[in-house]
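Note that these values count all heavy atoms, side chains included, but never hydrogens, waters or copies made by symmetry. When a ligand or atom number is given, it counts from 1 through the structure's own listing order.
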Amino acid sequence: MTESTTTEPVDIRATREAYDRMAELYTRRFANALAAEPFDRAMLGVFTELVQADGGGPVADIGCGPGRITTHLDALGLDVFGIDLSPEMIRLARAARPDLRYEVGTMEALPLGEGALSGLVAWYSIIHLPPERVPGMLAEFARVLCVGGRLLMAFQTTDVGLDLQPHDHKVTRSYRWSVSRVEELLRPCGFEVMAQLLRAPEPESAYGAGYLIATRVDRG
Ligand SMILES: C[S@@+](CC[C@H](N)C(=O)[O-])C[C@H]1O[C@@H](n2cnc3c(N)ncnc32)[C@H](O)[C@@H]1O
């Protein structure tokens, strides 16, 4: 597993420290959020059905935080484990569900072998990576997924007409992406996009959400 080192990028240390500080608050704030998010549940359900129809297999929840999505996918019947940059998030996730596997790690260098996964979920977790490092992260997702494996991502979306913009995130620096820009980045990394969903902003929010389901295809 990746541990804090003096050579890691400054943004990674900042993100880890910010989530370590906010972990308890975040856990309480979002504990029951999924119950009020039908689009989230729908996309997680479609992803689950696709992985199960392919015969199941290991699924990683990358940037799992306190594990609210990991536990939801477990309840839906997936063989799922969580990885997160923040040791404090992982401590809370393990405390809540000692029977599930949670590890500290970074999405840019996953502690997983080539083709190890049948599915990978990145749920509002790619938003903190500096945009120039997102293609490398997607290539890392492609490396650990088997051919035919499924990727599900959710993220805050940009205002109309923009590909990318800073996001006024309460925890640490982050970015909003357009669904079409992320889709463009996925293709050269060996993904074929199956479905995308754009959810409009809700009344109390300034931005909407984008969801993408993609399949890992053979580049050869
Ligand atoms: C907005 S929270 C989302 C947490 C969880 N997916 C959820 O929906 O509740 C973002 C999470 O991504 C993690 N994260 C951010 N950058 C990461 C990275 N480079 N590698 C692994 N995890 C990361 C953070 O520590 C944090 O727990």
| Hey, does G105 sit under 4.0 Å from ligand 1 if you only count heavy atoms? | yes
| request: Would you kindly specify which portion of F30 sits under 4.0 Å from ligand 1, judged on non-hydrogen atoms: side chain, backbone, both or neither? | output: neither
| note | So for I83 against ligand 1, with non-hydrogen atoms under 4.0 Å, the contacting part is neither
Does [X], backbone or side chain, put an N or O under 3.5 Å from an N or O of ligand 1?
| X | answer |
| --- | --- |
| M107 | yes |
| L85 | yes |
| W123 | yes |
| Y124 | no |
| T15 | no |
| R68 | yes |
| M89 | no |

Show me the donor-acceptor pairs, under 3.5 Å and distance only, between side chains in residues 49-58 and residues at least two apart or in other chains.
residue	atom	partner	partner atom	Å
Q52	NE2	L76	O	3.2
D54	OD1	R150	NH2	3.3
D54	OD2	R150	NE	2.9
D54	OD2	R150	NH2	3.2

| task | Can you spot which of D20, I90, I12 makes a side chain to side chain contact (heavy atoms under 4.5 Å, CB included) with L85? | result | I12
Expected list for residues 34-42: side-chain donor-acceptor pairs under 3.5 angstrom, two or more places apart:
residue	atom	partner	partner atom	Å
D40	OD1	Y211	OH	2.4
R41	NH1	L34	O	2.8
R41	NH1	A35	O	2.9

| field | Numbered atoms and elements of ligand 1 in range of I12, under 4.0 angstrom, heavy atoms | value | 19 (N)
| said: I need the atoms of ligand 1 closer than 4.0 Å to a non-hydrogen atom of T106, numbered in the order shown. | reply: 19 (N), 20 (N), 21 (C)
| said: Quick test of your reading of the model: are R187 and E192 salt-bridged, counting only N-O distances below 4.0 Å? | reply: no
| Less than 4.0 Å between a side-chain N and a carboxylate O, is that true for E24 and R91? | yes
| If you measure only the distance, is there a donor-acceptor pair under 3.5 Å linking the side chains of H128 and Y175? | no
| Between D84 (side chain) and G65 (backbone), is there a donor-acceptor pair under 3.5 Å? | yes
| Between Y124 and L185, is there a shared hydrophobic cluster once you connect ILVMFWY residues whose side-chain heavy atoms come closer than 4.5 Å? | no
